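Because the structure is predicted, anything quoted here is derived from the model rather than measured.
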Amino acid sequence: MGNVFSASISCDAAISRCLDCTVRKTAYTCQLQDNLDNLETELEKLIEARNDVLIEVTVAEQRGMKRLEQVQGWLSRVQDVETEAEKLKQGRQEFGQLCVGGFCSKNCNPSYKFGKSVFKTLRIVENLRSEGDFKEVAQTAPETPVDQRPITPAIVGLESTFDKVWRCLTEELAGIIAIYGMGGVGKTTLLTLINNKFLDFPNNFDVVIWAVVSKDLELEKIQESIAKKIGLFNESWKSRSLEDKAQEIFKILSKKKFLLLLDDIWERVDLIKVGLPPPTTRSASKVVFTTREFDVSGSMKAHKSFKVECLRYQDAWRLFEETVGKEILDSHPNIPELAETVAKECGGLPLALIVVGQSMACKKTPQEWEHAIEVLRSSASKFSGMERWVYSRLKFSYDLLPSDTIRFCLLYCCLFPEDYRIKIEDLIDYWICEGVLDEYDGIGARNQGYSIIGTLTHACLLEEEEDDLGYNCVKMHDVIRDMTLWIASTTDHEKEKFLVLAGVGLTEAPSIEKWKDVTRMSLMRNKIRNLSKSPICPRLRTLFLSRCEIQVVESDFFQSMTSLRVLDLSYNINLRLAFQFSDFVSLQHLDLSSCRITSLPVELKYLINLRCLKLECTFFLRSIPPKVISNLKMLRILRMFGCGHYGSQEEDSILFGDGELLVEELLCLKQLNVLTITLKSLLALQRLLSSPILQSSIRSLCLKTLEDSKSLDVSSLASLRHLEKYHLWDCVDLEELKIEYTRELKNIRVTHGLHSLRRVSIFNCRSLRHVTGLICAPNLKYIDIHYCESMEEIIKLDEVPAEAMEDPVPFARLQFLHLQFLRKLKSIYSNPLPFPHLKEMSVSDCPELRKLPLDCNSASGRKFIIEGEGLWWKKLQWEDQATQSAFLPYFKAMDPSTEFE
């Protein structure tokens, strides 16, 4: 019974489903026409709704918003159903096959399927219409971590600096990073490269923010750039206070890992006032900024600083080549060589290379390129685009220098020829005598001069270098020099008028008319042999005539130069002093260095305003009349190193004898604070050392001859706290340079010592056995020892008192060691030395020197040149094979033809 009952129910259910199916099939077929009509109507309404939504979406997206995902999904489904409806419209021909009344069909099954599809599509359309009533279609789009910034396609020469900064950003412990360099060198380009690198490089920063700072620092503008990037900026933002904005920024950025890129900073930016949590060396967030002022790096407490240098020649040429274009460079066979000359005139400065390159990108004749070279060399400011695009931008650095005094000091440097290395000491001498360092007197003025040079180098307007002899110098970049010449030519001529014709190949002095109203004139490095016609130039204060090959100066040539304060006649080897010194009523600086003069006129003593007299390397000077030097009461600077070095002195000269007469006259100069001198006896040296004024003034000291002196105690020089250069020449009787250490001397050495001594030269001291006393000079950079035939050791350790060993490692700062013709030399130092700063060791004609004070530690991570004969190198003995192998790549043969293994 149960089974029969169950079967009955199952049968009824099956019959019911069959009836329902039949009814539905009949409905799909019978109501097909109505459904088609309804579908068409509903679809039109749906499309209208879709179009309205799209309008809302477009407007929102134009405001920077992002469409909602549900809206995008709905639009996609509308598109799908529209496509399906289009297919059904094309299938309406099926309807023509239905029987009259719709109750039967020639082929009922396809009609059913078609009707079913129409019915289902209609329901989908109706549902989509009801779903399309959105309250909002878009929302504020989340910011991308970094925005791409436009950049010029021609980028060369920044790869090395980029790699260093990138490594610092991604690997090293540095929270604040400075990128500095002169204007137009590519700092902003480098920062842009860093910004765009994050577009395709995985990083841990939640947000990368770019803000331009510029000269007029406004913290609100920096805050606005940050606010826009992190979604805080709105209509009410500008009305809020600096402090409120900082608080809102801090709330967000304190929870994020951010990278802030600040372009073109000219002064310290207070990150706390902006609202930033200041990055530390260990924080994940970082700040990178560009600046022209290295001082800003310190004020921002940067953990790392990177200087962007001008391009090396190959990179400079590549940039210039890309800017000009291959078509122009190939337009004439002579143009490539001329183009290289034009590119060199830009000094590797990318801004100048681009501006000049763009100007030359349409010049197809060699004559146009030759004209460009002439203009760039003679008056670069007249070259198309230079004044507007280059000099005007560089001038920002000049305008923002702290004072008129510093600006004048920069302009003063343009008096020197292109690429000229200006000795810092000489430059400060000029400034003192020009009266621009009157803020202090004595050593204070020199310190002020060094401070000004620091300001100019930190502003990237001067570059610090060493010359070939190792003296500290500054050099002005070619484009900076052209910019200063442009400034000097556009200044108020009532105050200053510069005429700079240095190194331009003159064979005659400028015409008399050109001297009128000039205040500063430079004719350095020309070939003007005669100065005959007397110009009228009562305003002239500075006249540079160095290295002009001058032989004859007419006696009245200087008669109208009543305002002249600085006269430089140095390196005119054949100069004759036939002019009248009585014309120099205002002269404060007279330079006769390296002139082959034999005597000074007695009239020199009437230059009572003279502050600086330079007679260095006047080797043939035999006569300085008595009372000339002692009468120059205003002298601050007297440079006589190498004065009267050769030849016999005349009896009516204070140079006659051992130099004691000269020292007695020096004792009359109470204002003296810089002295370089050559003496010929220990008595003269002792008299000089008896004067505290002269002790503190000495910068360079040459002891020559020292007849009957067998021993010289270096410790006696410990009171010369400013001594920088020390020479021993032709002291044929001298046997040792020793140290006598006393308790009294200990107090002097602790206070001063020979800490300032940088250079030592010993020449032709044939009896000298050792120079152990040099161990008292811990900061020596240059040692030259030549023609000392008896020298056996440089430092003889058993001659060194234990108390004298201030520095446990001798020669720790030595850069150059030159040893020549020391036939008996066996040892430099008995133990290996690290030589952490050594650049060059040169050994020549030292056949007994079989071992150098080197071991593997001496080469730790460093390279320096060891120059010598190949045969000598082969005979050297080494600590071990590893040491020999380590130094083999460092050797440079003086006789390249010599073969050695």
Check: [Y] and [X] side chains under 4.5 Å, non-hydrogen atoms:
{"X": "Met182", "Y": "Leu461", "value": "no"}
{"X": "Arg50", "Y": "Gln79", "value": "yes"}
{"X": "Ile222", "Y": "Val269", "value": "yes"}

**Asked** Once you round to the nearest 0.5 Å, how far does CH2 of Trp210 lie from NZ of Lys229?
**Response**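 That separation rounds to 13.0 Å.
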**Asked** In Å, rounded to the nearest 0.5 Å, how long is the span from OG of Ser254 to CG of Leu276?
**Response**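 That separation rounds to 10.5 Å.
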**Asked** What class does the angle between the rings of Phe294 and Tyr180 fall in, given that below 30° is parallel, 30 to 60° is tilted and above 60° is perpendicular?
**Response**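 The arrangement is tilted - the two ring planes meet at 30° to 60°.
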Lys/Arg N to Asp/Glu carboxylate O, [X] vs [Y], below 4.0 Å:
{"X": "Glu172", "Y": "Lys304", "value": "yes"}
{"X": "Glu131", "Y": "Arg77", "value": "yes"}
{"X": "Lys251", "Y": "Glu248", "value": "yes"}
{"X": "Glu126", "Y": "Arg123", "value": "yes"}
{"X": "Glu327", "Y": "Lys364", "value": "yes"}
{"X": "Asp315", "Y": "Arg312", "value": "no"}
{"X": "Glu267", "Y": "Lys215", "value": "no"}
{"X": "Glu340", "Y": "Lys344", "value": "no"}

[X], [atom1]: over 12 other non-hydrogen atoms inside 6.0 angstrom:
{"X": "Lys307", "atom1": "NZ", "answer": "yes"}
{"X": "Asp133", "atom1": "CG", "answer": "no"}
{"X": "Asn204", "atom1": "CG", "answer": "no"}

**Message:** Would you say the ring centers of Tyr398 and Trp486 fall short of 6.0 Å from each other?
**Reply:**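 Not under 6.0 Å, so no.
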**Asked** Can the ring centroids of Phe258 and Phe205 be said to lie less than 6.0 angstrom from one another?
**Response**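 Ring centres of Phe205 and Phe258 not closer than 6.0 Å.
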**Side-chain (Thr457) to main-chain (Glu464) donor-acceptor, under 3.5 angstrom** =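 Answer holds: no.
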**Asked** So, does Gln223 use its side chain to make a donor-acceptor pair with the main chain of Lys245 at under 3.5 Å?
**Response**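 Side chain of Gln223 to backbone of Lys245, a donor-acceptor pair under 3.5 Å: no, none is there.
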